[in-house]
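Since the structure comes first, as structure tokens, the remarks are kept for the end.
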Amino acid sequence: MILNSLNPAQQEAVRAPLGHQLVLAGAGSGKTRVLTHRLVWLVEVEKVSPFNILAVTFTNKAAHEMRSRIESLLQIPAKTLWIGTFHGLSHRLLRAHWQEAGLPQSFQILDSDDQYRMVRRVILTLNLDEDRFPPKEAQWFINAQKEEAREPHQVEPRDMNGQTMIKIYQAYQEACQRAGVIDFADLLLKTYKLLQSNDTLRAHYQDRFRCLLVDEFQDTNAIQYAWLKLLAGEENAVMIVGDDDQSIYGWRGARIENIQRFSKDFPGAKIIRLEQNYRSTGTILKAANALISQNSGRLGKNLWTEGKDGDLITVYAGFNETDEAFFIVNRIRELRQSEHSLREMAILYRSNAQSRVIEEALMQFGIPYRVYGGLRYFDRAEIKDALAYLRIIANRSDDPAFERIINTPTRGIGDRTLTVIRDHAKATGLTLWAALEQLLQQKFFTARTENALLAFVNLITSMTEKTLPLELHKQVEYVLFASGLMDHYRKEKGEKGLTRLENLEELVNAAHQFTQEGVPDDMPPIAAFLAYAALESSEEQAEAYEDCVQLMTLHSAKGLEFPVVFLAGCEEELFPHYLSMHDPKAIEEERRLCYVGVTRAMKKLYMTYAELRRMHGKEAYHRPSRFLHEIPAELIHEIRFRAKVSRPQPIASTFKPEAQGKFRIGQEVHHRIFGDGTVIDLEGDGDDMKVKVRFAKVGTKMLIASYLSAK
DNA sequence: ACCTTTGGTTTTTTT
DNA sequence: AACCAAAGGT
């Protein structure tokens, strides 16, 4: 095995004894190299069977990359290795032990969109006001509870609202159970509970996975940590790799503290720091180090390089966002002339909305570009429609799928009919499909409705029969036509309909490809394909041949590197984002995000900002980002083509006057018809003034002030 | 069933 | 501004 390609710290990590290891891997320090070499070391030197190794990552992309790198390093096929995401591995365990986990064999996975619909449905079924209990919040609540491994009965209610939230959570869980579906958080939670409560299984898997490796550990949340601890047991060796300075997913539950906790919970854990950077110039690293040193509570790390200092960091002060975009485009044109191809350059930004102006400028100069992110293939409406048919074929109980396709394409089953079915399902505790069948048997509907419903039932029944003997891609194809989805979208005019048709056709290809790459043989093909769609809807890869500038958010840039990086929109309110401005913890996360951005650059780094920017339809002046000031001035070369525009001192955030006329927010008021309520917002002033009031009885209304009286 | 209007938002993204 | 979802109208 070749170790001489590794530096001393990397070697130390790779050759570490079989115990707990915490590898703090700075940006560009060869983290993935260490991880893969460690795995190979375990197999070839420590003689651990690949069968006894579990490697966990966060994204499918990372899992695939690790697998392919290992395959090229290792002589034995890596097939026997368990490499995957937390969710993917959990899924595998649940499929293998569906009975023990109390799931139907054909259980399906709900994505967040499905989950939202399901939560909303539940709220309406409970006769709750969706304005008072917005589905989004309930969904957030449920996921947060699950991330803490709390089932409905384990949640401590804080207040009346909390009580209701728990009720929603409870009812949602029951609805999922009935429908035979589980959401993403459930994959982890159910696996955790299964291993926790089932001694035999836990012992089996603890015995099996002697070595555990976890990548991007700073992104783990509470349940993932608990999951890992359970599998590790007392005996097994755990190596985690992470970088507390690159933790940028706190907002979705990632616990940076897990890294610190690790040393306590896993006794004897040794810390190995990878600080030598092979990516960036000295200047860029100095800037990154200076920036991140402003954060508190770090584990501490200082990146260094043997390479040259390189160019200074260019900071450009644009007049407005268009000016900023043109500066970037001009630089790209120059760099393209001299030393860099387009694919070597990336434009990074804080929020997606920023891409538009930049795209327009790129287009004007005919520079090819590619925007990463956006709607993923399997998230598109037409694809989800098609998949919903497959889901119903595989599992009649799948209520979310039922709701989605009962009238898509339209077949004369309206809201009224659907409500009847829902009510009946609620009253009897049946699934929607079962409720429908029962109602049909009882001759409940008018002839016309009955025909429409019978047509639907027959369609699904015949689809199920007809697709049974077919190969997966033929099944998909059959469903697309038999369901009428193809015709439905063919009628949709304009380019949109055409794209949708193409997407649907592509689904047949995707299914075909899926079969050829080998369906896991312990699952029926449709179920396997659906799980793949929900869990591994990998974004389409950019064609490697295409030479274009890369546009993406800072978040999606994590893990990537580019010779030239433009970091656009370095202004207060935008970066750091105004929603993070009032929380020091959030500011630190923004700073880490900036750190991630800066350390993406190999040779040249440009940071740009606009003095005047149009945001949410309003023009606003912003100060340059604090992060720019945190980079030592001697590392920066500032360009400003325009004289500094004189401007008023910026006003911090959106200021709403306490009182306007006789009403203020929070005031108790009375209305002749609607009764008593509380003022929650004010708009306009004088005679035009409108007041938004939340009434005790009738909900929220916007009213002309003169119809209200103070209480 | 399809259209228009209104209102309410507006970070970041994976699974 | 621009987008989306829901409500209301035809």
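Here is how names work: the chains are called A, B, and so on, in the same order as the sequence lines, proteins then strands, and each is numbered from 1.
- Judged purely by distance below 3.5 Å, without hydrogens or angles, the side chains of A/S625 and A/E571 never pair a donor atom with an acceptor atom.
- The 12-atom threshold is not exceeded at NZ of A/K229, counting heavy atoms of other residues, nucleotides or ligands nearer than 6.0 Å.
- Counting non-hydrogen atoms under 4.0 angstrom, A/G412 reaches the backbone sugars and phosphates but no base.
- In this entry the distance linking CG of A/L124 with C1' of C/dA6 reads 12 Å, nearest Å.
- A distance of about 16 Å separates the P atoms of B/dT12 and C/dA5, rounded to the whole Å.
- Neither OP1 nor OP2 of B/dT12 sits under 4.0 Å from any side-chain N or O of A/R592.
- When the P atom of B/dT11 is taken as reference, atom CG of A/L348 falls 19 Å away, rounded to whole Å.
- For A/H616, counting side-chain heavy atoms from C-beta on, the closest listed nucleotide (B/dT12, B/dT10, B/dT14) is B/dT10.
- The listed nucleotides are B/dT12, B/dC2, B/dT15; the one nearest the side chain of A/R350 is B/dT12.
- Residue A/T553 places none of its side-chain N or O atoms closer than 4.0 Å to OP1 or OP2 of B/dT12.
- Residue-nucleotide stacking is not present for A/F86 and B/dT15, judged by a side-chain ring centre under 5.5 Å from the six-membered base ring centre and planes under 30° apart.
- A donor-acceptor contact under 3.5 angstrom links the side chains of A/Q145 and A/R150, judged on distance only.
- Minimum atom distance to the side chain of A/R120 is reached by C/dA6, of the listed B/dT12, C/dA6, B/dA1.
- For A/S90 and A/W227, the side-chain atoms include at least one donor-acceptor pair closer than 3.5 Å.
- OP1 and OP2 of B/dT14 both lie 4.0 Å or more from every side-chain N or O belonging to A/N60.
- Protein atom NZ of A/K558 is 21 Å distant from nucleotide atom P of B/dT11, rounded to whole Å.
- If you measure from atom NZ of A/K136 to atom C1' of B/dT11, you get 13 Å, rounded to the nearest angstrom.
- Spacing between atom CZ of A/R255 and atom P of B/dT14 amounts to 22 Å, rounded to whole angstrom units.
- The distance from atom CZ of A/R252 to atom P of B/dT11 is 17 Å, rounded to the nearest whole Å.
- Both tests hold for A/R370 against A/Y372: distance to the six-membered ring centre under 6.0 Å, angle to the ring axis within 45°.
- Backbone-only contact: A/Y249 has heavy atoms under 4.0 Å from sugar-phosphate atoms and none from a base.
- Taking atom NZ of residue A/K61 and atom P of nucleotide B/dT14, one finds them 10 Å apart after rounding to whole Å.
- Listed nucleotides B/dT15, B/dT14, C/dA1 differ in distance to A/R614; the shortest reach to its side chain belongs to C/dA1.
- A/Y595 does not carry A/R592 over the face of its six-membered ring by the limits of under 6.0 Å from the centre and within 45° of the normal.
- A cation-pi arrangement is absent between A/K384 and A/F378 under the rule of less than 6.0 angstrom and at most 45 degrees off the ring axis.
- You'll find that the side chain of A/Y116 is closest to C/dA6, out of B/dT11, C/dA6, B/dT15.
- For the OP1/OP2 pair of B/dA1 and a distance below 4.0 Å, the side-chain nitrogens and oxygens of A/R411 include no atom meeting the criterion.
- A straight line from CE of A/M581 to P of B/dT10 spans 18 Å, rounded to a whole angstrom.
- With the nearest nucleotide of DNA chain B identified for both A/N352 and A/I413, A/I413 has the one nearer the 5' end.
- Nucleotides B/dT13 and C/dC4 place their P atoms 16 Å apart, quoted to the nearest Å.
- Toward the 5' end of DNA chain B, the nearer of the two residues A/E590 and A/N407, judged by each one's closest nucleotide, is A/N407.
- Here the side chain of A/S112 is nearest to one of B/dT11, B/dT13, B/dT15, namely B/dT15.
- Residue side chain A/H577 meets the stacking definition with respect to B/dT11: its ring centre sits within less than 5.5 angstrom of the base's six-membered ring centre, and the planes differ by less than 30 degrees.
- Base engagement by A/L579 is indicated by at least one non-hydrogen atom pair under 4.0 Å involving a base atom.
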